[in-house]
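Since the structure comes first, as structure tokens, the remarks are kept for the end.
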Amino acid sequence: MSLKNRYLFIALLFSMSSLIPSQPLLSPSWTEWLWSFFITSPEKSSFQKAIATSKARGEALNLYDFFTQKETSDSLKEPEKAARKFKQAIKRAADKNDSMKRFKDHPEKFLFGVSSSSYQYEGGLDSNNANAIFYSKNNLAVAGDAIDFWNKYKTDIQDMKAQLGINSFRLSIAWERVQPHQDAWDLSMLNKYVDIIKTLKENGIEPIVVLHHYTIPQWFAEIDGFEKAENISYFVEFAKKMYEALQEHVTYWSTFNAIEGYAFKGYYKLDGPPGDPKKKSLFMTEKVMYNMLKAHQQCYDAIKKLYKEKYHNNQNVPVPQIGIQKNIVLFDPFQNETTNFCEKYGSKFICSFSSLLNNTIFFKFFKPPVPSWLIRYFNLSKLDWIGLNIYSNMLMLYAAPQKETLEERQTENLNYRNYPEGIYRAVKIIYDGIARPLNIPIIITENGIATKNDLSGNEKRTRFFQRALYTIRKLIEEGYPIIGYTPWASHDNYEWPSKEQPNPYNRPYGMFAVNFDTSSPHYLERTLKKGAEYYRDFISTYFGK
């Protein structure tokens, strides 16, 4: 091909780029192919070769065999060695990436933590919580005591620090606690949250405060919640109230944990409030998500304005870093030796459409149709960081998720496979979709595995975190701006019930096991799991202990 024709070919590719669907790791992207068209790529690491091999087979990324080999050939089982390599990767990244410069002299500031949420943890929230009222009406279990974090937080926080060694903890605020009625605030509840945050800080744990984690007050649900744009102002007032109370102690704020999870549960799958068949539609689902994104932007502006006002009086107030969390569900077409043409391509279409609804619309909201440098210069996106929730991929036959048949890939959550390599795919998606164009860092805010608290379950949990942390290190080495990892969850807890999975206590994600037997004298007793020891030892070495 002549040089002139080659450049014409490139121009044609660029003009078509907006029409080419992104299929990370299912096939090489056109930009990767174009780059290789001109220059030879440097020697790939064994990890990159494994990814390339999986791509060449035309399948969703599968690194299970690769990880298994690494456990013996590269001392993947040794948390001390893995942690030292991770720290080296952080230090090298600090010299190359603006978002990672914060670690140049302080790699210990990388956020290694765990996650929680108010309704699933605190207990005592059933009377004025829209989820609890929905579950009661549908004969599903409510949280009740949950793990009673509201009363046990002091010892829980001390134990998380002493036994697990974390330096960060993601927790949410129960809006219905601090604003039990539309026109009333409960200052005693507000002060209790202040004490919880202070206790975290006293124990050397950085709080990441989430303002909405799937639940709303019943009074807000009764005025149609986020279905109506005029209701956004209530959530903004709540955000302002929490910032004014916690401003001195909190740097990292998240407005919403996964708007798509909340909206699809309540307005399409009908697994959560309002769960009204009359409101079930993709249009209403998207409308609710849009209003939640608008609420994020208004909260961002309101908190930043309050910060500027407070800073004049108290220069010790940290600059609020405000983000939002995004669930990345990896939809892959189910294929085996019996899959026919219609099933293969029909499933591919459904997967592409599902990704459009879940990801593309979200990304476009934060990227106005102007150049990226203009978005960053004027901060049009109103995002300081992006949170990534990633658990698994879903193998879809048309619109029906298929059950996993391989034992090593099964978990106690029927919806999620044992798929730690999904972190690699999800980070690339969130980076290309939003972090790179906005030049913001990524915190992996949820990730984990539900396995039984027995010998085999804890072995599976250990292997999961070996592989997850290895994958995150490789991403950092490749230049992805990851500044934290707060897997789900600190403790076994109340998991959201549904008709398919009605038992909220049989999906144990926690680092600490919790005794949920109400007849036991050890009811709600906590015990660090054998399967959490790898994460504990990794963190201990990373922080030089």
Side-chain angles (χ1 to χ4, degrees), residues 116-146 172-182 184 210-239 254-296 299 324-325 327 329 357-358 389 415 446 493-505 507:
S116 69
S117 88
S118 56
Y119 186 71
Q120 295 173 272
Y121 270 62
E122 291 178 5
L125 287 170
D126 292 331
S127 62
N128 191 27
N129 178 285
N131 285 68
I133 292 168
F134 169 82
Y135 295 141
S136 294
K137 288 179 179 178
N138 288 274
N139 297 314
L140 293 169
V142 296
D145 293 333
S172 68
I173 306 296
W175 184 5
E176 62 272 27
R177 271 203 200 278
V178 297
Q179 191 179 8
H181 306 287
Q182 186 172 337
V210 184
L211 296 172
H212 179 278
H213 192 124
Y214 288 176
T215 65
I216 57 175
Q218 179 61 19
W219 65 260
F220 189 64
E222 289 171 358
I223 59 172
D224 296 326
F226 291 107
E227 297 169 34
K228 295 181 177 179
E230 57 265 33
N231 289 342
I232 290 173
S233 60
Y234 292 106
F235 186 75
V236 176
E237 286 304 309
F238 162 62
S254 170
T255 51
F256 292 97
N257 173 76
I259 61 166
E260 61 286 328
Y262 171 81
F264 273 94
K265 276 177 178 288
Y267 295 90
Y268 193 73
K269 294 181 68 178
L270 307 185
D271 279 340
D276 183 352
K278 295 178 182 178
K279 295 181 178 181
K280 178 180 177 177
S281 72
L282 285 176
F283 172 78
M284 181 60 78
T285 303
E286 296 293 335
K287 180 181 180 182
V288 167
M289 287 196 291
Y290 178 79
N291 285 337
M292 294 174 84
L293 290 174
K294 294 296 289 184
H296 163 85
C299 288
I324 191 171
Q325 294 157 243
N327 274 351
V329 179
L357 291 177
N358 278 276
N389 298 349
N415 293 322
E446 277 191 34
N493 60 83
Y494 171 95
E495 292 290 339
W496 309 109
S498 65
K499 292 179 181 177
E500 291 76 21
Q501 299 184 89
N503 187 339
Y505 295 109
R507 284 162 278 162

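Only a predicted model underlies this, so the values are computations on that prediction, with no experimental measurement involved.
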To the nearest 0.5 Å, how far apart are CG in Leu282 and OH in Tyr267?
-> 14.5 Å
Got a sec, which residues hit ring-ring contact (aromatic ring centres under 6.0 Å, His included) with Tyr234, two or more places apart in sequence or on another chain?
-> Trp219
CA sep, side-chain torsions, deciding dist, call: Ile259, Tyr290, side-chain contact (heavy atoms from CB on, under 4.5 Å) = CA-CA 9 Å; Ile259 61 166; Tyr290 178 79; over 6 Å; no
Donor-acceptor pair, Asn327 side chain versus Ala258 backbone, under 3.5 Å?
-> no
Can you measure from OG (Ser498) to CG (Asn503) and round to the nearest 0.5 angstrom?
-> 11.0 Å
Shortest non-hydrogen separation from Ala263 to Met289 and the atoms involved | CB-CG, 3.4 Å
Write down the atom of Tyr268, the atom of Ser281, and the distance for their closest heavy-atom approach.
-> CD1-C, 4.2 Å
What's the spacing between Trp496 CH2 and Arg507 CZ if we round to 0.5 Å?
-> 11.0 Å
ring-ring contact (aromatic ring centres under 6.0 Å, His included) filter on Phe256, not counting sequence neighbours, yields His212, Phe226, Phe235
How close do Gly123 and Arg177 get, heavy atom to heavy atom, and via which atoms?
-> O-NH2, 2.6 Å
Measure from the side-chain N and O atoms of Asn231 to the backbone N and O of Ile223, and report whether any donor-acceptor pair falls under 3.5 Å.
-> yes
Nearest heavy-atom pair of Phe134 and Pro273: which atoms, and what distance?
-> CG-N, 3.9 Å
Donor-acceptor contact present, side-chain Asn138 to main-chain Leu140, <3.5 Å | no
Just how far is it from atom CD of Glu222 to atom CD1 of Ile133, taken to the nearest 0.5 Å?
-> 7.0 Å
Distance from Glu260 atom CD to Thr285 atom OG1, nearest 0.5 Å?
-> 11.5 Å
Is a donor on one side and an acceptor on the other found under 3.5 Å between the side chain of Asp126 and the backbone of Gly144?
-> yes
Sequence-distant partners of Lys287, side-chain contact (heavy atoms from CB on, under 4.5 Å), two or more places apart = Phe283, Met284, Asn291
Answer yes or no: are there more than 12 heavy-atom neighbours, outside Lys269 itself, under 6.0 Å from its atom NZ?
-> no
Which heavy atom in Gly266 sits nearest to a heavy atom in Pro274, and how many Å separate them?
-> O-CD, 3.7 Å
Is there a side-chain contact between Gln501 and Glu495, using heavy atoms and a 4.5 Å cut-off?
-> no
Which atoms form the tightest heavy-atom contact between Thr215 and Asn129, and what is the distance?
-> CB-ND2, 3.5 Å
Residue set satisfying salt bridge (charged side-chain N to carboxylate O under 4.0 Å, His left out) with Lys294, at least two apart, ordered chain then number -> none
After noting the C-alpha distance and the side-chain angles of Ser118 and Ser172, does the key distance pass the side-chain hydrogen bond (donor to acceptor under 3.5 Å, both in side chains) rule?
-> CA-CA 5 Å; Ser118 56; Ser172 68; 3.2 Å; yes
Examine distances only and state if a side-chain atom of Tyr119 and a backbone atom of Leu125 form a donor-acceptor pair shorter than 3.5 Å.
-> no
May I ask you to test the Tyr135-Pro497 pair for a side-chain heavy-atom distance under 4.5 Å?
-> yes
Please report the C-alpha distance between Leu211 and Phe238 in whole Å, then the side-chain angles of each, then the deciding distance to 0.1 Å, and finally whether the side-chain contact (heavy atoms from CB on, under 4.5 Å) criterion is met.
-> CA-CA 8 Å; Leu211 296 172; Phe238 162 62; 4.1 Å; yes
Heavy-atom donor-acceptor pair, Thr255 side chain to Ile324 backbone, under 3.5 Å | no
Kindly write out the residues that satisfy side-chain hydrogen bond (donor to acceptor under 3.5 Å, both in side chains) with Asn415, not counting sequence neighbours, or none if the list is empty.
-> none
Check: Gln182 main-chain N/O paired with Gln179 side-chain donor or acceptor under 3.5 Å | yes
Does Ala141 offer a backbone N or O that forms a donor-acceptor pair with the side chain of Tyr494 under 3.5 Å?
-> yes
Contacts of type side-chain contact (heavy atoms from CB on, under 4.5 Å), residue Ser254, not counting sequence neighbours = Val210, Gln325, Trp385
